Q: 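I have a structure here, written as structure tokens, and I will follow up with some questions on it.
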Amino acid sequence: MSAPTAHDPAALEQLVAAKEVIVACGSGGVGKTTTAAALAAAVAARLGGRVLVLTVDPAKRLADALGLKGIGNEATRIPTSSFEAAGVKPKGELYAAMLDMSESWDALVRRHAPDARTAGQILANPLYRNISRRFSQGQDYIAMERLYELHEEGSYDLLVVDTPPSRNALDLLDAPARMQDFFSSRLLHWLTVPYRSRLVNLASKPFYQVADRVLGSQLLQDVADFFILFQTMREGFVARASAVDRLLHDLRTTFLLVTTLEAVPGREALEMKAALSERRLHLGLLVCNRVLPSTLTDPSSHEAAEALSAGAGELAELLSRQGAGELPADVTARVIEEVAGSFSNFRQVATRESELARELSSAHGVTVSVPYQPGHVADLSGLLQMGGTIWGEPGRSPRRRRS
Amino acid sequence: MTDLLARRLLFVTGKGGVGKTTVAAALGLLAAEQGKRTLVCEVEPKGDLSAAYECGPTPFKGREVGPGLTAMSMDTEASLREYLRLIARVPVVGRIGPVATAFDFVATAAPGIREILTVGKLCYEVRERHYDLVVVDASATGQVIGQLAAPSGINELVRVGLIRSQTDWMIEILADPAVTGAVIVTTPEEMPVSEAVDLAGRLGRETAVRLACVVANRVLPELFGHREEEVFERLCGRSEKAAVAKQLGVSVEAVSSVFAAARLAVTIRRDGAGHLEQLRAGIGEEVPLVYLPYLFGRAYGLRAIRQVAESLGEEL
Ligand SMILES: Nc1ncnc2c1ncn2[C@@H]1O[C@H](COP(=O)(O)OP(=O)(O)OP(=O)(O)O)[C@@H](O)[C@H]1O
Ligand SMILES: Nc1ncnc2c1ncn2[C@@H]1O[C@H](COP(=O)(O)OP(=O)(O)OP(=O)(O)O)[C@@H](O)[C@H]1O
Ligand SMILES: [Mg+2]
Ligand SMILES: [Mg+2]
């Protein structure tokens, strides 16, 4: 790895203490959910206060570790006894919740519909289920919306929110703005002018003829009906979306960018970094996850691996003579060659990783590297250990740097 | 081993980032090398296919990237235009822009409209026999079911209209296991495997397309057999490492680092093997499962695609 400089362990504590909201973002599968949970656990254990981690689709083992059963928006507390079983006496309280997409959408409709009857009609509309699942950026928006709601409730000192695996990580940042655009778009307007007058105005237009012929006027009618209902929620939605956007820009909010050092996630993380700064959003913490050990790029280890590879046969003879029959020369030589070969394979990967790490870690808050953890986070103790690495537990994690 | 390339339409899918584009591009290359006129189509027009083949942009109308090999990117607006012209025979005067935007908008609400334009184009290429094989670098798990189910699902929503009347021939192509197959790509990791298993089940329940093959990509090599492992453990002992260091004239720390790296490789491999067992159990014994080695060097671009194609060729 690029020579990591020692960092001030207080930096992360200071950051976390100053913030009320941490939004974990990054490309798919890099460890956003795990990192969000580990950070929340570390804060609850070390700094204290009431900490909530809002997860999106956690892996089964992680959900189990957090005591999350089934779906539903309810937060559950991770009992102090679980911490103690993991050998930690927590200063604060850790809560976990799982984002339930459809329940959150339904709640949103109930909140913003002008009356219960309209809400009922929207919820019963056959197109609604589909929209709520597939509306582009819908998931991202819901995550941000839930965050806002929890923040408004004010029952937690710190909210750590995980985000859905977007096809494009940037969608997340623009989700509130897009929700506003959606409601002000001309097409929505067009679709929601009363059907009769639209027929009169537009029946003669070529678009309508084509659309009607290809899709059938019944479908157009269904869609229009749906949007007319949906339109009734406009005011509430737009106001809410801009409040969500303000919260993301608030001084009390910071972003946690999670990435691995593989080519594609790394490139996306670089883009995400640029996008955050372009939108004046605060990037407080960068976590490089599942990194390979820095010793892989040590020149002295490389030299040793080369020597092992070159001297495998001779070495095996020697060891086999000393090894009292337990180290047969042929097998030993094979093992040594494999060991050296594997080192050089992984060294290639680690060298690429360290170049990317250098690019990523320039010019912003705290950067933390979390090593690949075999048999990873099967329980709270695993989470706490990862949290310790992020937190900069003395002696545990030498691979941290602050620029 | 499998008759994968004997089919005419292959949808390559799986979790984001597992190697769908890599595998689709390699399958295309392999098929073209076997003399098949092959089309590879990227459904999400991110430009990854053109990066894989190291060629220029791959437009909707296709770009020849090698002998017998064409690459294209899906574009639902272009597909709509082609559809209107060729199938619906609707005279489109002037710009299609507003129509396309409106379709886009309606498609946001109505399931299957956008999907049918995607799948329709692919089935059309198969039906017209422009190619012997169409390999689709399909969408990730989340969207692919919607795409494959679109021709049958759309009937529920679109009760009249031309689109409705055009789905039968598509279903015929998609439902014929000798013609169409899905290839699920995964990696030996927890989430990709559980998504793959999930997807395999949903394909069977919710679509007419059969699972043809599962590809486990990025599989690490097995360093040691049982005997080697025992020897390795002994070598990791303190006195053995010291003897090695002394003999080679390097530091004990350096030797330890090299051994530790091997141990990490073994552990990652073992973690992965556990996930692959889950995969096998989840998809059942009858589905062919193909392993592709982890590429330690540069894993993108034409050279990497060739390497993957070669491994696929050996396995298939
Ligand atoms: N440091 C680590 N070492 C080893 N495995 C890890 C590490 N961090 C996370 N993982 C594993 O990687 C997988 C993906 O992690 P996680 O679910 O947190 O990612 P994600 O970014 O939330 O994914 P998605 O985008 O699908 O939501 C999980 O199986 C997790 O256990
Ligand atoms: N066998 C392999 N060994 C090492 N790296 C690989 C291998 N196959 C693919 N990769 C790397 O994994 C990354 C993702 O591959 P690819 O783009 O094919 O995935 P994808 O599933 O198409 O992703 P997306 O969901 O973003 O479209 C690329 O950087 C690629 O180089
Ligand atoms: Mg996640
Ligand atoms: Mg791809």
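Predicted model only: the values in this text are computed from it and were never measured. Residue numbers start from 1 in every chain, and the chains themselves are labelled A, B, ... in the order their sequence lines are given, proteins ahead of strands.
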Q: Measure distances from Arg269(B) to the heavy atoms of chain A and classify the residue's part below 4.5 Å as side chain, backbone, both or neither.
A: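 No part of Arg269(B) comes within 4.5 Å of chain A.
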Q: Let's test your reading of the structure: which of Ala304(A), Pro328(A), Gly311(A) forms the most heavy-atom pairs below 4.5 Å with chain B?
A: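 Among Ala304(A), Pro328(A), Gly311(A), the one with the most close pairs to chain B is Ala304(A).
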Q: What side-chain donor-acceptor pairs closer than 3.5 Å can you find for residues 249-265 of chain B, not counting sequence neighbours?
A:
from	atom 1	to	atom 2	distance (Å)
Ser251(B)	OG	Ala254(B)	N	3.1
Ser256(B)	OG	Val252(B)	O	3.0
Ser257(B)	OG	Glu253(B)	O	3.0
Arg263(B)	NH1	Glu233(B)	OE2	3.1
Arg263(B)	NH2	Glu233(B)	OE1	3.1

Q: Hey, mind stepping through Glu229(B) and Arg270(B) against salt bridge (charged side-chain N to carboxylate O under 4.0 Å, His left out) and telling me if it holds?
A: CA-CA 12 Å; Glu229(B) 188 136 7; Arg270(B) 189 174 304 141; 2.7 Å; yes
Q: Tell me, side chain or backbone of Phe224(B) under 4.5 Å from chain A's heavy atoms, or both, or neither?
A: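 When you check distances to chain A, only side chain atoms of Phe224(B) fall under 4.5 Å.
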Q: So does Lys15(B) pair up with Glu189(B), basic N to acidic O under 4.0 Å?
A: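 Glu189(B) and Lys15(B): not salt-bridged.
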Q: Checking heavy atoms, do the side chain of Arg352(A), its backbone, both or neither come under 4.5 Å from chain B?
A: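 Side chain only.
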Q: For side chain to side chain donor-acceptor pair (under 3.5 Å), just list the numbers for Thr33(A) and Asp162(A), CA-CA rounded to whole Å, side-chain angles, deciding distance to a tenth of an Å, and then say yes or no.
A: CA-CA 6 Å; Thr33(A) 308; Asp162(A) 175 26; 2.7 Å; yes
Q: Assess whether a salt bridge exists between Asp64(A) and Lys60(A), defined as any Lys/Arg side-chain N lying under 4.0 Å from an Asp/Glu carboxylate O.
A: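 Yes.
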Q: Against chain B, work out which of Val349(A), Val331(A), Asn345(A) has the most heavy-atom pairs shorter than 4.5 Å and name it.
A: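 Heavy-atom pairs under 4.5 Å are most numerous for Asn345(A).
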Q: Please look at Val264(A) and chain B and tell me whether the side chain, the backbone, both or neither of the residue comes under 4.5 angstrom of a heavy atom of that chain.
A: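 Neither; nothing under 4.5 Å.
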